[in-house]
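See below for the structure under consideration.
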Amino acid sequence: LEGYLGRKHDLEAPNKRASNRSWNTLYCVLRNSELTFYKDAKSLALGVPYHGEEPFQMKNAFCEVAADYKKKKHVFKLRLSNGSEWLFHGKDEDEMHTWLQGFSTA
Ligand code: I3P
């Protein structure tokens with residue numbers, strides 16, 4: 001599964017707000033229980049992750065619709081096993097559910 005999503009870092013750890021809280025549009029790739037971020041599809045082809053970030057390990061991650069987030073529609077939340085939380089913004093309901101399904105079965 002891959003495609004563009006908006007991403008915002010919400011929590012660095014349980015009860016610790018992330019410092020960089022802005023939304024970025026990133027090319028997201030979910031493969032083999034890892035979620036890797038790229039600036040765009042070309043960076044994926046070149047194998048250059050966004051800001052040199054390590055992939056997210058999706059084993060034991062939890063995701064759900066971000067029902068408490070009101071500023072945008074089709075926003076969903078991902079909590080990693082290290083306790084960090086991220087918001088993602090899909091372009092429509094279908095896209096959101098495709099990614100939620102992918103995250104929850106990764
Ligand atoms: C953040 C940016 C985000 C905003 C966040 C700001 O500022 O405006 O869009 O989140 O608010 O801190 P900056 O770009 O200067 O880092 P929302 O779009 O969700 O409001 P927050 O701190 O309330 O999360």
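Atoms within a ligand are numbered from 1 in the order they appear, just like the ligands themselves. None of the values given here were measured: they were computed from a predicted structure.
- Two rings, from Phe76 and Tyr69, have their centers 6.0 Å or more apart.
- For the pair Glu95 and Tyr4, the tightest heavy-atom approach, listed with the atom from each and the gap, is OE1-O, 4.0 Å.
- For atom 20 (O) of ligand 1, the closest non-hydrogen atom of the protein is Lys71 NZ, 2.6 Å.
- Atom 13 (P) of ligand 1 has Ser22 CB, 4.2 Å as its closest protein atom, hydrogens excluded (heavy atom only).
- When distances from atom 15 (O) of ligand 1 to the protein are checked, no heavy atom turns up under 4.0 Å.
- In this structure, Phe103 has its ring center at least 6.0 angstrom away from the ring center of Phe62.
- Nearest protein neighbour of atom 9 (O) of ligand 1, counting heavy atoms only, is Trp23 CD1, 3.8 Å.
- Heavy-atom contacts of Tyr69 reach the following atoms of ligand 1: 17 (P), 18 (O), 19 (O) (cutoff under 4.0 Å).
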field: From CA spacing to verdict: salt bridge (Lys or Arg N to Asp or Glu O under 4.0 Å), Arg7, Glu53
entry: CA-CA 14 Å; Arg7 186 188 77 173; Glu53 289 181 4; 2.7 Å; yes
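- Taking a cut-off of under 4.0 Å to the non-hydrogen atoms of Arg17, the atoms of ligand 1 that pass are 22 (O).
- The atoms of ligand 1 that sit less than 4.0 Å from any heavy atom of Lys8 are 10 (O), 17 (P), 19 (O), 21 (P), 24 (O).
- Summary of contacts: the protein heavy atom closest to atom 5 (C) of ligand 1 is Arg21 O, 3.8 Å.
- Taking the centre and axis of the six-membered ring of Trp23, the NZ or CZ atom of Lys71 falls outside the cone set by 45° and 6.0 Å.
- There is no protein heavy atom less than 4.0 angstrom from atom 7 (O) of ligand 1.
- Using modelled atom types, one finds no donor on one side chain facing an acceptor on the other under 3.5 Å when comparing Ser22 with Asn24.
- Side chains of Val75 and Phe88 form no contact here, defined as non-hydrogen atoms less than 4.5 Å apart.
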